[in-house]
Amino acid sequence: MPVKKIGILASGGDSPGMNAAIRAATRAALHYGVETHGFSDGYRGVINRESEPLTSRSVAGLLRQGGSIIGAGRCPEFFDADVRQAAADSLRADGFDGLIVIGGDGSLAGAWELHKLGVPTVAVPGTIDNDMPGTETTIGADTAINTAMEAIDRIRDTASAHRRAMIVEVMGRHCGYIAVMAALATGAEMALTPERPVELEDVFKELRSVWGHGKRHFIIVLAEGARWSAAELAQLINDSAEPYDARYTVLGYIQRGGVPSRFDRILATRMGVAAAEALIEGRSGALVCWRNGNCEAIQADALPPKSAPWDRMLDRVFAITT
Ligand code: ADP
Ligand code: F6P
């Protein structure tokens, strides 16, 4: 059965580059004579049958635009099997031959459910967290790390001026990837992540040692899923007799927006094309993964188990260079 009309949606937390993927998927589909319609605000748009046709013109200029022109979002109703069945039925009734889902691991789970209900779906990893097994990275992670890096460079200036310990909390949900990579890129003294929990005494020991070497600042990049929040850790340091005065900054949602980096624009473009082509070739239940510099559509039930998205080599490099 030839594919003639597909839908596309962005789900979960938005990320810089989602628009580039929407643009590429739309233009790739048009190249093969396939119509694309954008569903608004994630799965909610599918449930409510709210979609708009996407044309080559309507996706122009999206490479350099953060956010998502079709919205993004979370939709708790989609956890309900009856709601999903109704959504699958309406997609078929409205003539959709397939669906591209851009989002994180939760959105991928939703796409897999639709696949099981007979709706051809292909997912594209769109999240700043880079917490999706099987793909080396996800759309938006690079831009988010750049944003965090620029902020940490600024914070380091004032930390040095005041001989302070500065704790910078970054996003990532339960994943420490943004924290580790931003710490590596800025030469931070410590990265605290959910995957590698440490004792408070370990932090204090490091603070004393670095103070003893005469360093005027101590930067801790802390993943939001780590053992303490930035506020809690700053309080613990200030309540102790540790040498540095501590302050904290929570970067928050600036990591989710902004102009996509060169890397994310190209990654998203290649993944958007790969997703459209996979659907048109008849694939379903797959995630477009970035592997060794290429896009590969891997079946969601063949993806590896979740693990820390960096390897121990990075831990060694981090330990040596800080
Ligand atoms: P992300 O995709 O960024 O990980 P979430 O985990 O919040 O974000 O998932 C986004 C949306 O995907 C949810 O609001 C829900 O609509 C859908 N979803 C997530 N997990 C499932 C699931 N197991 N079954 C069905 N739908 C799901
Ligand atoms: O999953 C992306 C993400 O930005 C996480 O890093 C963060 O914890 C979460 O979304 C925030 O979700 P929301 O935008 O719903 O507050």
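Just follow the structure's listing: the first ligand is 1, and inside any ligand the first atom is 1.
Proximity of Asp105 to ligand 1, defined as any heavy-atom pair under 4.0 Å, is shared by backbone and side chain alike. In Arg256, the part holding a heavy atom less than 4.0 Å from any atom of ligand 2 is the side chain.
Within the structure, the closest approach of Gly172 to ligand 2 falls below 4.0 Å when heavy atoms are considered.
Remark: ligand 1 atoms within the under-4.0 Å shell around heavy atoms of Phe78 are 16 (O), 25 (C), 26 (N). Residue contact check: Gly13 has heavy atoms under 4.0 Å from atoms 3 (O) of ligand 1. For ligand 1, the atoms lying closer than 4.0 Å to a non-hydrogen atom of Tyr43 are 12 (O), 16 (O), 17 (C). Heavy-atom contacts of Arg84 reach the following atoms of ligand 1: 25 (C) (cutoff under 4.0 Å). Counting the atoms of ligand 1 from 1 in the order shown, those under 4.0 Å from a heavy atom of Arg74 are 3 (O), 5 (P), 7 (O), 8 (O), 14 (O). For ligand 1, the atoms lying closer than 4.0 Å to a non-hydrogen atom of Gly104 are 1 (P), 2 (O), 3 (O), 4 (O).
With salt bridges taken as basic N to acidic carboxylate O contacts below 4.0 Å, one links Asp14 and Arg256. Comment: Asp82 does not engage Arg84 in a salt bridge, judged by the lack of any side-chain N to carboxylate O separation of less than 4.0 angstrom. We find that Lys205 and Glu199 are not joined by a salt bridge, their nearest charged nitrogen and carboxylate oxygen being 4.0 Å or further apart. Under a 4.0 Å N-O distance rule, the pair Lys306/Glu195 does not qualify as a salt bridge. Ion pair Arg208/Glu242 flagged as a salt bridge, since at least one NZ, NE, NH1 or NH2 atom sits closer than 4.0 Å to an Asp/Glu carboxylate oxygen.
Scanning the protein heavy atoms around atom 11 (C) of ligand 1, the nearest turns out to be Ser11 OG, 3.5 Å. What sits closest to atom 21 (C) of ligand 1 on the protein, heavy atoms only, is Phe79 CE2, 3.4 Å. Atom 23 (N) of ligand 1 has Ala109 CB, 3.6 Å as its closest protein atom, hydrogens excluded (heavy atom only). Among protein heavy atoms, the minimum distance from atom 14 (O) of ligand 1 is reached at Cys75 N, 2.7 Å. Nearest non-hydrogen protein atom to atom 9 (C) of ligand 2 is Arg74 NH2, 3.7 Å. Distance from atom 1 (O) of ligand 2 to its nearest protein heavy atom, with residue and atom name: Asp129 OD2, 2.8 Å. Atom 16 (O) of ligand 2 has as its closest protein heavy atom Tyr253 OH, 2.5 Å. Atom 4 (O) of ligand 1 has its closest protein heavy atom at Arg173 NH2, 2.7 Å.
Below 30°, between 30° and 60°, or above 60°: for Phe39 and Phe96 the angle between ring planes is between 30° and 60°, a tilted geometry.
Not one N or O on the side chain of Gln255 forms a donor-acceptor pair closer than 3.5 Å with the backbone of Val170.
Counting non-hydrogen atoms of neighbouring residues, nucleotides and ligands closer than 6.0 angstrom, the CD atom of Glu52 reaches no more than 12 such neighbours.
Of the candidates Met171, Glu224, Gln255, it is Glu224 that places a heavy atom closest to atom 8 (O) of ligand 2. Nearest to atom 18 (N) of ligand 1 by heavy-atom distance, out of Gly106, Ala111, Ser107, is Gly106.
Proximity of Ile70 to Ile8: side-chain heavy atoms (C-beta onward) are separated by under 4.5 Å at one or more points.
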Residues Glu113, His115; criterion side-chain hydrogen bond (donor to acceptor under 3.5 Å, both in side chains); working and verdict = CA-CA 5 Å; Glu113 293 301 324; His115 158 73; over 6 Å; no
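For the 3.5 Å distance criterion, the side chains of Thr186 and Asp153 fail to qualify, holding no donor opposite an acceptor.
Annotation: cation-pi pair Arg163/Trp211 present, NZ/CZ under 6.0 Å from the ring centroid and within 45° of its normal.
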